[in-house]
> 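Before we start, here is the structure in question, set down as structure tokens.
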Amino acid sequence: MRKKVIAGNWKMNMLPNEAIRFIEELAPKVKDTENEVVLCVPYTDLFYALLTAQNTNIKIGAQNMHYEESGAYTGEISAKMLKAIQVEYVIIGHSERRQYFNETDKTVNKKVKVAFENGLKPIVCVGETLEQREAGQTEEIITNQTRLALEGLMPEQVENTIIAYEPIWAIGTGKTATKEDANKSIQAIRNKIAEIYGQTIANGVIIQYGGSVKGTNAKELFEMSDIDGGLVGGASLKVEEFSKIVQFEK
Ligand code: PGA
């Protein structure tokens, strides 16, 4: 059985004092869940979040990293730097980074490799635009993004990659993919992984859904056969709402 991983993506929100208060309030609410709880926070919150989350079941992640280890890359943060302060997860290739910061399938692939080399768990985002969806290209786009992100990885690394299927038209719009549509896209991603790396590996890969996940729709989405939890943006900024999503079974 694959574990459900519920990851919050705070994006460019939350000051350190807000992050500390959030985690202090969230921790007792989610302490009994069997789901993996992750908060991907801004760089400036990481250290505070890690300290506050110590001795809780909340894991901390970053939202991006550079693929080089060190050097003249002003403003960038390396995987090694994240690992040094004991960050566990890192989001790679979020559509906002692809759209605004020139992230490509190539840089995504480099980052995924470097994340593994440094013992970080990558959450790799894939997803189609509205135009691509309307042109009937969804499966082609997301399976290609997946193939390119995983290229050259060892099988056990593929198995430990978390994929977040996030249709771009559903991010921050209040529009959610139907549970059937989301499940179908995620099955297409899993089938592609099976085609390249074999069914056993594919069966182990955690594939989340992201895009306007809320307390009111988490249960129906996460109970689908292939949806292994979610990557949650807006709704991860409120303790009550996020804890509801984490404990969607209740
Ligand atoms: P949203 O964002 O939940 O606000 O739609 C999801 C994401 O961008 O990861």
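Keep in mind that this is a model prediction, so the values were computed, not measured. Just so you know, ligand 1 is whichever comes first in the structure, and atom 1 is the first atom listed for that ligand.
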> Report the part of Asn9 in contact with ligand 1, treating N, CA, C, O as backbone and CB onward as side chain, heavy atoms under 4.0 Å; options are side chain, backbone, both, neither.
side chain
> Provide, to 0.1 Å, the distance between atom 3 (O) of ligand 1 and the closest protein heavy atom, together with that atom's residue and name.
Gly233 N, 2.8 Å
> Kindly indicate whether the side chain of Gln63, heavy atoms from C-beta on, has any atom under 4.5 Å from the side chain of Arg97.
no
> Any chance CD of Glu18 has more than 12 other-residue heavy atoms, nucleotides or ligands included, within less than 6.0 Å?
yes
> Of the non-hydrogen atoms in Pro16 and Tyr48, which two are nearest, and what is the gap between them?
CB-CD1, 3.6 Å
> Considering the heavy atoms of Gly172, write down every atom of ligand 1 situated less than 4.0 Å from one of them.
1 (P), 4 (O), 5 (O)
> What are the atoms of ligand 1, with element, lying closer than 4.0 Å to any heavy atom of Gly234?
1 (P), 3 (O), 4 (O)
> Within a distance under 4.0 Å of any heavy atom of Ser212, pick out the atoms of ligand 1 and give their elements.
1 (P), 3 (O), 5 (O)
> Does Ile171 belong to the same Ile/Leu/Val/Met/Phe/Trp/Tyr cluster as Ile207, with side-chain heavy atoms less than 4.5 Å apart forming each link?
no
> Measure Ala170 to ligand 1 on non-hydrogen atoms and call it side chain, backbone, both or neither using the 4.0 Å cut-off.
backbone
> Determine whether any heavy atom of Lys11 lies closer than 4.0 Å to an atom of ligand 1.
yes
> Among the heavy atoms of Ala235, does any lie under 4.0 Å from an atom of ligand 1?
no
> So, does Ser236 sit close enough to ligand 1 that a heavy atom of it is under 4.0 Å from the ligand?
no
> Identify the closest protein heavy atom to atom 7 (C) of ligand 1: which residue and atom is it, and at what distance?
Glu166 OE2, 3.2 Å
> Do the side chains of Trp10 and Asp45 get nearer than 4.5 Å, heavy atoms only?
yes
> With side-chain contact (heavy atoms from CB on, under 4.5 Å) as the test, would you mind laying out the steps for Phe22 and Thr52 before giving the verdict?
CA-CA 10 Å; Phe22 185 101; Thr52 315; over 6 Å; no
> Counting only heavy atoms not in Lys80, do more than 12 fall under 6.0 Å of its NZ?
no
> Can you list the atoms of ligand 1 that are under 4.0 Å from a heavy atom of Gly211?
5 (O)
> Quick one: which ligand 1 atoms are inside 4.0 Å of a heavy atom on His94?
7 (C), 8 (O), 9 (O)
> Search all heavy atoms of Tyr209 against all heavy atoms of Ala177 and return the closest pair with its distance.
OH-N, 3.1 Å
